[in-house]
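To keep things clear, I will list the structure first and then write my remarks on it.
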Protein chains: 2
Amino acid sequence: MLAAGKNSKRRATRLRDPEYTRERLLQAAFREVYRSGFQSASLDTILASAGVTKGALYYHFQSKEALGYAVVEEVIAPDVRGTWLRPLQSVKDPIDALIGIVQGISVRPEVVRGGCPLNNLAQEMSPLDAGFRKRLAIVFHAWREAVASVLREGQTQGSVRRDVEPTDAAGLLIAMVEGYGSLAKNAQDPKVMKAGIRNIVDWLRSLRPPGNRKRG
Amino acid sequence: MLAAGKNSKRRATRLRDPEYTRERLLQAAFREVYRSGFQSASLDTILASAGVTKGALYYHFQSKEALGYAVVEEVIAPDVRGTWLRPLQSVKDPIDALIGIVQGISVRPEVVRGGCPLNNLAQEMSPLDAGFRKRLAIVFHAWREAVASVLREGQTQGSVRRDVEPTDAAGLLIAMVEGYGSLAKNAQDPKVMKAGIRNIVDWLRSLRPPGNRKRG
DNA sequence: CTGCCAACATACCAACCAGTATGTATGGTA
DNA sequence: TACCATACATACTGGTTGGTATGTTGGCAG
């Protein structure tokens, strides 16, 4: 039936590899939810994007809701961990590290237009579904705690001002990142995000103790 | 047919007052869109909330999209003008005025849980519908310009630091407000918004020239 | 070779969606 | 009093939704 099955070697087993199918579903669901929101992302569109059928979906997930939860836990959360948590493990200068991450935020047009997947889902689903809300809150909390943690370390080693409240500052940083993300998404303009990144970086520099200021 | 029509005086004309019906539709649409997003707000729900029927809706608006556009222009935009633009007209101290507005942001649970109507719609519809995007961008632009304007005035009269770039600072303020709004909406917790307001106010105070600092 | 179960595919469903076609009451005008 | 446009109300439609019931296939145990 499948023409590709003729000359495929061991890769043919993928045609019946449940983990592979599950992963395809998760990625497709993420794409469509990212594009049009969870509620408006139809199962048929997700299935078409994944290249599987409804039977496969409901074999792996018991509902659309469950699929959405899995997207949060298995796609969005790992993405935040990779972008914010891992780079903050064992750094020498927290401010430098945070500046590096913020400057590494993508300003490609399609990313700016799509916004932050975490924030998108939180905005849409937090008031409507407690299951989404809790899972997203866990991600936000881990994010803030990771930032607050390096700021505390920076304070003990003298690279961060003592009068900074780490948790507050971490929350402010996240609010700035998400806020500028929203503005840039509405403007559909990478320039807005670039300007935002500059302002956030300036603010991050202001967290250094007086006299310890590096370049600028 | 209507029992209430018996003893109603001139108010009975409201039963056939097109402007009144239109306004009810706008308010109901705003409520439902605020509750569940534009795409997920069904016309039947809006109509039930407004207490009118589909015939009335399609007499006043040519489509659901047109109704949504009208909500932006006739409900959301005036709300932002009333909250941010009007209070900033002819103030003596811009920083004080901005602090006053920020501290006036509602922290009632239902408002925190619902988030900012402007940001909600922008997040949902900006990438999907240019008509929404443009109308919302106009509101954001007016908001930022109003803040930037008072900051410029403050600079000429000496109540705002000269090294502050008014447009940048205005954008940062809005990003903070919307960003904290998002975090508080996800947390479903007024405390998050209160903490955000304190941090924003602290940042606003830092815009004052050195030596001109009032209380704190 | 045979059964059997995991891993899907296909066909179908009631509910709901935005939108439309048509009916009707009302107040003003001639 | 007859007429008529305005301002709706009601009934209906084709298409889409998430979900289900049932059919089919591949690979491995025995």
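Naming: A, B, ... by sequence-line order, numbering from 1 per chain. Side-chain atoms are counted along with the backbone in the values below, which use heavy atoms only and exclude waters and symmetry mates. None of these values were measured; they are calculated from a predicted model.
C:dA6 atom P lies 16 Å from atom CD of A:E19, rounded to whole Å. Between the CZ atom of B:R22 and the P atom of D:dT6 there is a distance of 17 Å, given to the nearest Å. At whole-Å resolution of the value, CG in A:L43 and P in D:dG18 are 4 Å apart. For the pair A:D44 CG and C:dA11 C1', the interatomic distance rounds to 13 Å; values are reported in whole Å.
Neither OP1 nor OP2 of C:dA7 sits under 4.0 Å from any side-chain N or O of A:T21.
A search for ring pair (Phe, Tyr, Trp, His ring centres under 6.0 Å) contacts involving A:F140 returns nothing, not counting sequence neighbours. Under the side chain to side chain donor-acceptor pair (under 3.5 Å) criterion, A:D79 pairs with no residue at all, not counting sequence neighbours. Among residues two or more places apart in sequence or in another chain, the side chain to side chain donor-acceptor pair (under 3.5 Å) test is passed with A:S49 by A:R31. Under the ring pair (Phe, Tyr, Trp, His ring centres under 6.0 Å) criterion, B:W84 pairs with B:W143, not counting sequence neighbours. Partners of B:Q188 under the side chain to side chain donor-acceptor pair (under 3.5 Å) rule, at least two apart in sequence or in another chain, do not exist in this structure. Scanning for ring pair (Phe, Tyr, Trp, His ring centres under 6.0 Å) contacts around A:Y180 gives an empty result, with sequence neighbours left out.
When all heavy atoms are compared, the tightest approach of A:T21 to A:A56 is CG2-CB, 4.2 Å. For the pair A:I46 and A:A28, the tightest heavy-atom approach, listed with the atom from each and the gap, is O-CB, 3.6 Å.
Between its opening and closing five pairs, the helix from C:dC1-D:dG30 to C:dA30-D:dT1 changes axis direction by 20°, a value rounded to 10 degrees.
Contact check of residues 55-71 of chain B against DNA chain D (heavy atom, cut-off under 4.0 Å) returns B:G55, B:A56, B:Y59, B:H60. A heavy atom closer than 4.0 Å to some atom of DNA chain C occurs in no member of residues 23-34 of chain B.
Among D:dC8, C:dA9, C:dT10, the nucleotide with an atom closest to any side-chain atom of A:V52 is C:dA9.
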Can you give me every donor-acceptor pair (side chain of residues 64-75 of chain A, partner residue at least two apart or in another chain, under 3.5 Å) with its distance?
from  : atom 1 : to     : atom 2 : distance (Å)
A:K64 : NZ     : A:F38  : O      : 2.9
A:K64 : NZ     : A:Q39  : O      : 3.3
A:K64 : NZ     : A:A41  : O      : 3.0
A:Y69 : OH     : A:D129 : OD1    : 2.7
A:Y69 : OH     : A:D129 : OD2    : 3.3
A:E73 : OE2    : A:R135 : NE     : 3.1
A:E74 : OE1    : A:R22  : NH2    : 2.8
A:E74 : OE2    : A:R22  : NH2    : 2.3

Which atom pairs, donor and acceptor, lie under 3.5 Å between side-chain atoms of residues 115-123 of chain B and protein residues at least two apart or in another chain?
from   : atom 1 : to     : atom 2 : distance (Å)
B:N120 : OD1    : B:K185 : NZ     : 3.0
B:N120 : ND2    : B:G114 : O      : 2.8
B:Q123 : OE1    : A:K185 : NZ     : 3.3
B:Q123 : NE2    : A:S182 : OG     : 2.7

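Note on B:S42: only backbone sugar-phosphate atoms sit closer than 4.0 angstrom, heavy atoms only; bases stay farther off.
Residue pairs that meet the ring pair (Phe, Tyr, Trp, His ring centres under 6.0 Å) test with at least one member in residues 47-68 of chain A, sequence neighbours left out, do not exist here.
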